[in-house]
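Not measured: the values here are computed from a predicted model. Here, residue 1 is the first one in the sequence, and each next residue gets the next number.
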Amino acid sequence: MNFKKVAMMSIAVLGIIFLGCQGLKSYSEDELGLRKTTLFNENATIEAYDYSGKVAGESMLIERAFENAPPMIPHSTEGMLPITKDNNACTSCHLPDIAEAVGAVSMPKSHFYNFRDNVDLQGQMDDSRFNCVICHTTQVNAPALVGNNFKADFRQDNGNVRSNLLDVLNEGLK
Ligand code: HEC
Ligand code: HEC
């Protein structure tokens, strides 16, 4: 490539970058962090929120964020954590044979399926589901730090309160 060509290409690239930057909003240092104050000051106030919530059996279910999203834990988990190898309080209420009797939502079929080896575990919970709180989280009544306009589109009438991942997993594949 001769010098002229290189120069022309550089100008073209700069032009594209320039056009690409038009219309982008810039943010000041005070707006960058989630705490919305200058990043050069460590005197941030940390508010204490109460995670305790209502005890299991008295809480209200929270609508799913989107179809087959892991439901959030609506009740307090005090005394249930941490989940250890020998002690999993969550399964003591949420395993299918027990759930109905205690008024809890039963764990779905997907939690009794080994996706890695494609094996139906015939009612045996897959070990990858053991630590519930890596996917299901407790909630606190705190204002959102960043606004979100996402609106979920549920294809089933009860998709906002029930999941069916295992039934729809292969949808569209043939
Ligand atoms: C004493 C029984 C009990 C224990 C222990 C328990 N839960 Fe629950 N859970 C419930 C009940 C009952 C509900 C229904 C809401 C209510 O009545 O408070 C529920 C609701 C939920 C839901 C919401 C389901 C939905 O459809 O929205 C999730 C998720 C959940 N629990 C996860 C957990 C996890 C994770 C643990 C362990 C840290 C746990 N639960 C321990 C009884 C229990
Ligand atoms: C790897 C992530 C993951 C782990 C770990 C996990 N879950 Fe889930 N859970 C999900 C997802 C995703 C869904 C919704 C889609 C589905 O699987 O049907 C769900 C759904 C549920 C539901 C709602 C069932 C329904 O019919 O709507 C309950 C109750 C539940 N999980 C309980 C638990 C409990 C209790 C544990 C621990 C023993 C656990 N989960 C571990 C991801 C997880």
When clusters are formed from ILVMFWY side-chain contacts under 4.5 Å, directly or step by step, what else is grouped with [X]?
X    : value
V146 : L34, L145
V119 : L121
I98  : I73, L81, I83, L95, V102, M107, F112, M125, F130, V133
F66  : F150

For [X], give me all partners under side chain to side chain donor-acceptor pair (under 3.5 Å), at least two apart in sequence or on another chain.
X    : answer
Q139 : T137
D120 : none
S128 : D126
S28  : E31

Run the side chain to side chain contact (heavy atoms under 4.5 Å, CB included) test against [X] and tell me which residues pass, sequence neighbours left out.
X    : value
N68  : S163, N164, L165, V168
N158 : Q156, V161, R162
A142 : Y49, V140

Checklist entry - Is there any salt bridge (charged side-chain N to carboxylate O under 4.0 Å, His left out) pair reaching into residues 93-112, and which pairs are they, with sequence neighbours excluded? => result K109-D167
